*Asks:* 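My questions all concern the structure below.
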Amino acid sequence: MDNSMLLSLITFSPLLAILVLAFVPKRYGGIIKQIGILGTLLPLVLSLMLFANFDYQLDEMQFVEHVPWIEVPIGAGAGGELFTFPISYDMGVDGISMPLIVLTAIVGTMAAVASWQIKRRLKEYFLLFHLLLIGMFGVFATQNLLLFFIFFELTLIPAYFLIGIWGFSERERAANKFLIYNGIGSAIMLLAFIAIIWLVPQVNADPTMSMTELRNVLTSPDFQAMMEQMKPGFLFGLFLALFIAFGIKLPIFPFHTWMLKVHVQAPVPVVMIHSGILLKMGAYGLIRLGIGLFPEQAYSFAAWMAVLGVVNILYGAVLAFVQNDLKMVMAYSSISHMGIVLLGFAAMNTIGFQGAIFQTISHGFISALLFLMIGVIWERVETSQIDELGGLAKSMPFASGILLTAAMASLGLPGMSGFISEFLAFLGLFGTMPVIGSIGVLGIILTAVYLLRAVLRTTFGPMPDRFQRLADAQPLEVLPMIVLLGFIILLGIYPAVLSDPLQETLKTIVPIVTGIGG
Amino acid sequence: MDVKDIFSYDWSYLLPEFIILGFATLLSLIDLFMGKRANRAVLGWLALLGVVLAGGFVISNMQELDEPISYMADMLRVDDFGNAFKLLFLGGVAFTLLLSLSYLKSGEVRHQGEYYYLLLTGLLGAMVMASSADLLTLFVGLELLSLSSYVLVGLRKKVLASNEASFKYVVSGGIATAFTLFGMSYIYGLTGTTNLYEITQRLSEAYASGFGFLVLLAFACLVVGLGFKISTVPNHMWAPDVYQGAPTPVTAFLTTVSKAAGFALVFRLLLVAFIGLFNPDQVSGGGRVFLEELSVYLSIVAALSMIIGNTMALRQTNVKRMMAYSGIAQAGYLLVPFVTLTSLFFEQVMFYLFAYLLMGFGAFAVIMVVTREQQTEDLKAFAGLYHRSPFAAVAMSIFLLSLAGIPVTAGFFGKFYIFWSAIWHENYWLSAIMIATSVVSYYYYFGIIRQMYMRPGSTEARLVFPTGAAAVVAVTAGLTVLFGIVPGAAIDYIHANFNSGFDFGSMLTPGR
């Protein structure tokens, strides 16, 4: 089969479901749900094809698509001839983005299955849900700065509606906070992007918005030297702008307050997507654009990155310990785990980067599973307050077991994905910054403490009488649990699924970073 | 000048103006002899016919003319700059007429005949403003547009707000006119001519020979006076009251056509007259006064407009007032390319004005229908709109997203394009203000979206759209998305048909 269009197919395949849904009358709720869930299978199958056809030996972009799109006039020469800036439709994946696309497809399908509990305005819900999928696939699949920005913004609008319409009691405030924080992030990102594409023609390179070409220009020693002479600090400013833009998304302390609200107020499937994929767009942006385009600047910032990472880990862990709401525990736990991603980046070596990307993927699965479980519990008892819960293991043993397993994965039990990623990230960091690394490890202990406290208090202990007759997980709920858990364990015992594609890609990034640093 | 000389010009290139003038006269005559109770919708259709005809001739002018044509020493001239703006005005008035046809059915406006031909005279004024290079005719055009719109604003005679709006508009408009004339008189005093191309030479002589202060004073007066039409700070205070009081189609006319005409005048007058200024004391730094000194003042005006417009809009509960403040902010965005002044200037401005025309008219069409049906202009009128008319809610969302500058819409690309050149010219603080205030604007644009989708409305009854308004909404929504996906098509068109270039098109060269 011809794979030349595969990425576009994946990205826009949710359109099929959107088109079909548009013609189904609102009152057929059951059919809409089925279409909504089945519609996500198409990108899932396609992305598994992507995974199967991915060539591990290549260190360059694969499945590349390149179609001219817009020619923007940017000026005229003395003779009246016209200079134009070509913007093309560029797609392509490497070992970093390919796993993220697969993650998006899997978590997307599972979140669609978990949407069984959505009860009102189903048609709009699934329309927006699929629109969100397009945006997420696009972010990971595109190779063009402008398209990246457009897809990034495309995730913003459906997510705003999904939070604001189907969320819990304070949904509108959560949606607003989400919109404004991410709007600021996007604004800073756009500022940096335009400055980048403005810089490149200054060195007589062809104007371009392609990430690969930009990387070649920006990381060339000539360019670095010239910039140091002309505008010292300018490149660092750009890196910092991107760091903040993606730091808001990741989120990095102190830009994290919006995501707490979203995690608590958004409907469960949307939190699965949000925590499982949307936050990962921040990590992806950091490595692809922040570190990828400005390796030298990132290297000089590494110590700060490590400090911020440790702050994230400890801050998230300590606050997770005192929360009374399971959702808040998991939200702070996300902050803590994203700190590990930062630490992996800060290590600035192959192992560290591997750890960071492992953590990105693994946390995508784990947090999706944890929030799914919270949703399952909420469905039955309508609360997620820890002090109101207890003894659930008696009435719903299967679900409690899964919750406990997910928590184990999250705290890094060997044999599951969380262990590999944390191990790699810290191993990388100990190579370069042992002191910060050892402070960060404290976070792992705290993780065990807060997760066990939260989970054990829900599943064991005295059970309120009203929980006696709770039904255990239904088949439709079991399916996403098993699938997500399966991938967590797969990554844990056979990490080569992820490390093999990563290997060659990291070989192209790491030498640039470390080569300059020594 | 002899009478014979006047006939020696080829007047056929001014057909668009003559057609509008003819139709305005015709409409007023027909109105005079029509029965008092006769249905005057036919006048609207007639006006629309005139607009379409004039548009056809503008397009044929564009294709026939390779270089500017000037009449009576640039009293009037037909050039690409003017043609582009004329197309914009004609399109805007066509939309206004379509909206008006459904608006006037309610009978709030008694003087329908006057309504239609005043729209045409206003349009004629706008067209003259875009196609003249002489202070006298520019001023006549400006006044023709202003006087027509003063009356149009007050045509809801039984509505107090409308009367108040009209009165405020006249008074503040009068002050602005005084400033404009004051500035023009300084220019005339310094140069002894009203022809812009002669002014540009003699003004730089005057500047070089020690009258720099007076030149700057004239510039300041003109910026303040002309800022009225484009509603930039410090002359923006009228906009919310007037927009609120005017009949909604007239509000749409003011935000788009009248504002675009103001920009045509500002660009032509300030650019042609002041671009040649040269400061001999600062030869080392280039000494180009406009680019290095005057544009700083303009960028302050732009920045203040963006900040004040976007922050004041946050507090509005009346949707038309909110759009007025949004319009002030948009005027600020539009000044950015004028400040940075690159070879892209013309494309940027035309594309953004075009996008603004689409999203502005679309938004006002929806606002018109919704507020009329709900009998209130409060934001709450939009509550639950999605359940009453999904089509209108989705279209309105497109317009609002476009106004906020979110992809994939024409507004996004327009803003992106402007923003781009601001960065390229290293005007970082202005670009930072532009982007920061854009994020602020998300808040109030999404305020309407929130009402439409997330709040229950007072009724679930279906909202019926009149044909004219529905047509405007459908066309503008479609084009807003289309030019968001393929902005290249519009930019290529602008580029191919209006030969802009490093000299800002033909505008700066005197006619033959």
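Because the structure is predicted, anything quoted here is derived from the model rather than measured. Throughout, protein chains are lettered first and strands after them, A, B, ... in sequence-line order, and every chain is numbered starting at 1.
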*Asks:* I need the B:Tyr428 OH to A:Leu191 CG distance, nearest 0.5 Å.
*Replies:* 9.0 Å
*Asks:* Does any backbone or side-chain atom of A:Arg171 lie under 4.5 Å from a heavy atom of chain B? Answer side chain, backbone, both or neither.
*Replies:* neither
*Asks:* Hey, what do you get for NE2 (B:His387) to CZ (A:Arg121), rounding to the nearest 0.5 Å?
*Replies:* 3.5 Å
*Asks:* Evaluate the side-chain proximity of A:Phe149 to B:Phe412: yes if any heavy-atom separation is below 4.5 Å, no if none is.
*Replies:* yes
*Asks:* Examine whether an atom of B:Phe351 lies under 4.5 Å from a heavy atom of chain A, and if so say whether it belongs to the side chain, the backbone or both; otherwise answer neither.
*Replies:* neither
*Asks:* Output the distance between atom OH (B:Tyr386) and atom CZ (A:Phe161), rounded to the nearest 0.5 Å.
*Replies:* 10.0 Å
*Asks:* Rounded to the nearest 0.5 Å, what's the gap from CD1 on A:Ile150 to OG1 on B:Thr409? Could you check?
*Replies:* 9.5 Å
*Asks:* Please report the shortest heavy-atom distance between B:Pro407 and A:Glu153, naming the atom on each side.
*Replies:* CG-CB, 3.6 Å
*Asks:* Is the number of heavy atoms from other residues, nucleotides or ligands within 6.0 Å of CZ (A:Arg120) greater than 12?
*Replies:* yes
*Asks:* Examine whether an atom of A:Phe234 lies under 4.5 Å from a heavy atom of chain B, and if so say whether it belongs to the side chain, the backbone or both; otherwise answer neither.
*Replies:* side chain
*Asks:* So which of A:Ile70, A:Ile194, A:Leu146 has the largest heavy-atom pair count under 4.5 angstrom toward chain B?
*Replies:* A:Ile194
*Asks:* Heavy-atom pairs under 4.5 Å with chain B - which of A:Ile157, A:Ile188, A:Leu154 has more of them than the others?
*Replies:* A:Ile157
*Asks:* To the nearest 0.5 Å, what is the distance between CZ on B:Phe419 and CG on A:Leu190?
*Replies:* 5.0 Å
*Asks:* A quick test of your reading: do over 12 heavy atoms of other residues, nucleotides or ligands sit less than 6.0 Å from OH of B:Tyr443?
*Replies:* no
*Asks:* Between A:Phe193, A:Trp198, A:Phe85, which is the residue that forms a ring-ring contact (aromatic ring centres under 6.0 Å, His included) with B:Trp420?
*Replies:* A:Phe85
*Asks:* Specify which of A:Leu179, A:Ile197, A:Leu199, A:Ile87 makes the most heavy-atom pairs with chain B at under 4.5 Å.
*Replies:* A:Leu179
